[in-house]
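Some notes on the structure that comes next.
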Amino acid sequence: AGVRILGITDEGSELSGILCDVEGAVVIHAWEKQDFIEGLRASMSDVRSHEQRRLLNAPLITRSFSTDALVNAIIR
């Protein structure tokens, strides 16, 4: 979608893995104030436009979340 993402997840979780594959997403693994502030700063420092981020992530989104990907996951 091209939006900035700051994910707070358990280290090694499936969600953490997905977010780490997203260009421009920032993932932290603790609710510590300093970690959160650093993650927020990193996320906000991404100066790419919404459209640039969307285009960078389009192949990942198509590959991971398309109808074809869903059907293939069900078949396997």
Side-chain angles (χ1 to χ4, degrees):
V3 298
R4 290 181 175 101
I5 298 173
L6 172 60
I8 305 169
T9 70
D10 291 331
E11 194 166 0
S13 70
E14 185 177 4
L15 179 57
S16 177
I18 291 169
L19 292 176
C20 285
D21 289 341
V22 175
E23 181 68 35
V26 176
V27 181
I28 60 175
H29 304 291
W31 282 98
E32 300 298 324
K33 183 178 179 179
Q34 191 60 37
D35 291 340
F36 182 78
I37 290 170
E38 289 174 13
L40 190 56
R41 280 191 182 127
S43 178
M44 297 307 293
S45 70
D46 185 349
V47 295
R48 293 174 288 195
S49 71
H50 174 270
E51 184 66 13
Q52 288 170 320
R53 287 190 302 269
R54 189 188 68 73
L55 289 172
L56 282 171
N57 287 301
L60 171 69
I61 301 303
T62 300
R63 183 175 63 250
S64 300
F65 301 105
S66 68
T67 305
D68 289 340
L70 176 61
V71 170
N72 287 334
I74 292 170
I75 291 172
R76 291 184 195 153

* Could you tell me whether Glu51 atom CD has more than 12 heavy atoms of other residues or ligands within 6.0 Å of it? => yes
* Sub-3.5 Å donor-acceptor pair from the side chain of Ser45 to the main-chain atoms of Ala42, do we have one? -> yes
* Between CD1 on residue Ile61 and CG on residue Asp21, distance to nearest 0.5 Å -> 10.0 Å
* Passing candidate, side-chain contact (heavy atoms from CB on, under 4.5 Å) with Ser43, options Val26, Ile28, Ile5, Val27 -> Val26
* Asked: About how many Å separate CD1 of Ile8 and CH2 of Trp31, when rounded to the nearest 0.5 Å?
  -> 3.5 Å
* To do: Give a yes or no answer on whether the side chain of Asn57 reaches the backbone of Val22 with a donor-acceptor pair at less than 3.5 Å.
  => no
* Nearest 0.5 Å please: distance from the CZ atom of Arg4 over to the CG atom of Leu40. => 10.0 Å
* Closest non-hydrogen atom pair between Val3 and His50, with its separation -> N-CD2, 4.1 Å
* Asked: Which atoms form the tightest heavy-atom contact between Gly24 and Asp46, and what is the distance?
  -> CA-OD2, 3.9 Å
* Structure fact -> What one should report as the nearest heavy-atom pair of Thr9 and Ser16 is OG1-CB, 3.1 Å
* More than 12 foreign heavy atoms under 6.0 Å from CZ of Arg48: is that the case here? -> yes
* Asked: Is the backbone of Asp68 close enough, under 3.5 Å, to the side chain of Asn72 for a donor and an acceptor to pair up by distance?
  -> yes
